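Below: the structure, in structure tokens.
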Amino acid sequence: MIRSSISKIELRKTARCTGIISTRCLGSIPWATLEPKQLGVDSSPHHVPNIVNGIWQQDIKGKMFIPNPMDKDSPSLFSLADTSIAELEPFRESMRSVPKSGLHNPLKNVDRYLMYGEISRKAGAALSDPVIQEFFTQAIMKCVPKSHAQAKGEVMVTAAFLNNFAGDNVRFLARSFGNPGDHYGQQSNGFRWPYGPVAIVAPFNFPLEIPVLQLMGALYMGNKPVLKPAEKVAFVMEQFLHLLHHCGMPKEDVDLLNCQGPVAEELITSSPIRLTQFTGSSRVAEHLSKVTAGKVKIEDAGFDWKILGPDVANVDYVAWQCDQDAYATIGQKCSAQSILFVHENYEKAGLLDKIKENASKRQLEDFTIGPVLTHTTQNILDHIETLLKVPGSSVLFGGKELENHNIPSEYGAVEPTAVYIPIEQMLKEEYYESCVTELFAPFQVVTTYKDNQLDLVLEACERMSHHLTAAVVSNDASFQTKVLANTVNGTTYAGQRARTTGAPQNHWFGPAGDPRGAGIGTPEAIKLVWSCHREIIHDSIIPEDWVQPKAT
């Protein structure tokens, strides 16, 4: 009985610290420097400084102010340093101080592998704590309005990732191998070697998960990263760095640079940064590839497709998943469902009506629909008008500005939208590029096909330029195999429960078909992105009967 009553008391304490965080709960987070519920309320907004070589900079002259994405009339959400090119020298000096052999490697400072295993253990435990979990959930919802479940899911994935690399698992990332040599005393060993000074340019849409997974991967392998977060969400990673410092990470190990894009490019090209990992738009990715002479790992645009096969089953589930893939997080996932190929059997089963019905239930009040941070409303409506010029096209649902909102004009506010395009018209040269242009918004293209048109579907997939995620919704082994055998997307779900928006910590997430592609989440992804192969051949013993041969 005593054990039961204690459990209930603990549960009540946890309950008080969920939902919008109270000041009392925040007081139990010793490293936090802000309270999420005050962002966009206080007339003197929280300020995000830089950190370089372990020192938080307070002397950057310029400031950027980030508007509240839900209310254009409220105070700024926060401010951040608007670092100029003239103020970059401390960052250059920091990068110059890092040897090419990294801060640790399999032969140097190996205790740091264990140190980062312990940091990961502590940080993973912190993000699993209900109070801290809710702190980051509310922080994410403030700057990237998304439902509580979606924001909390991001925190939980990040916690699971950190837990995965606790203990010896950081050390295991650097596992080497050996091969016998071709004579006595010779042996070759393959090592995973860091790059040394590196840069991470992170996106806005997952302000915690994406930068943390890439940042920790860089640190695990022995690199020193400079992190440039997206301006709109910079305070999330500022707070996470405070957590890492609290968990024992040396402050000198990560630099945080708040600035605009051209300033980040200047640092990348004017300092000895040996690898830049970029997640974001394909336009910026291509530009970085050129200015860095190819020294990039990228996870850029994803015009992600889903193909519904002929074997109709569980229509309600499939419709729900289609709605989630296209419109959860306001469609602002790089893995969002961009185009849906619907077999006529699913159309006859009423799938499109069910998707429309699910989409109609989304509302601003619970953040299941909300602001688009990369397009204005007019941008989105203009793209819809462009597609409606395709013969036979139509708006299946949506296509209008949201009602009763106060979203800033520099952001977008549209209903969940689907535009139907006949597949034969889509494939025509004059329409194809418009039909497969990614719109980072609650928007998708829908088309239908018959049994004898599967090759047209595969042609459409073949002609796409970016191959991130995909889904083959079918349990028909023959159909599934044909589609999988003739496509290349890096993260592909197959089966009746297939989805496009799968980016947990338990499997690889990233594009395929591009040698610059960056994965995330798994040991394989970390080793691919944040280390290179080094071969050391030990050759120590000269035979006692060696005689000098003729010169060759």
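Everything quoted here is computed from the prediction, not taken from an experiment.
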One should read off an interatomic distance between Ile520 CD1 and Glu299 CD, to the nearest 0.5 angstrom, of 7.0 Å
Value for CD1 (Ile380) from CD (Glu385), rounded to nearest 0.5 Å, stands at 13.5 Å
Test side chain to side chain donor-acceptor pair (under 3.5 Å) applied to Ser84 and Glu87, step by step = CA-CA 5 Å; Ser84 67; Glu87 295 170 308; 3.0 Å; yes
Any residue meeting ring-ring contact (aromatic ring centres under 6.0 Å, His included) with [X], in chain and number order, not counting sequence neighbours:
X: Tyr116; answer: none
X: Tyr493; answer: His507
X: His375; answer: none
X: Tyr317; answer: Trp320

Walk me through whether His46 and Gln38 qualify under side chain to side chain donor-acceptor pair (under 3.5 Å). CA-CA 9 Å; His46 173 79; Gln38 293 302 114; over 6 Å; no
Are any of the side-chain nitrogens in [X] or [Y] under 4.0 Å away from the carboxylate oxygens of its partner?
X: Glu410; Y: Lys72; result: no
X: Glu35; Y: Lys142; result: no
X: Glu266; Y: Arg92; result: yes

Determine the interplanar angle of the Phe397 and Tyr327 rings, folded into 0 to 90°, and report it as parallel if under 30°, tilted if 30 to 60°, perpendicular if over 60°. perpendicular
Asp382 backbone acceptor or donor facing Thr386 side chain under 3.5 Å: yes
All N/O donor-acceptor pairs, side-chain side in residues 206-220, below 3.5 Å, sequence neighbours left out:
unit_1	atom_1	unit_2	atom_2	d
Gln214	OE1	Trp530	NE1	3.0
Gln214	NE2	Gly519	O	3.2
Tyr220	OH	Ser120	OG	2.5

Hey, are Ser94 and Lys224 close enough side-chain-wise for a donor-acceptor pair under 3.5 Å?
-> yes
Residue pairs meeting salt bridge (Lys or Arg N to Asp or Glu O under 4.0 Å), one or both in residues 355-376, sequence neighbours left out, come to Asp323-Arg362
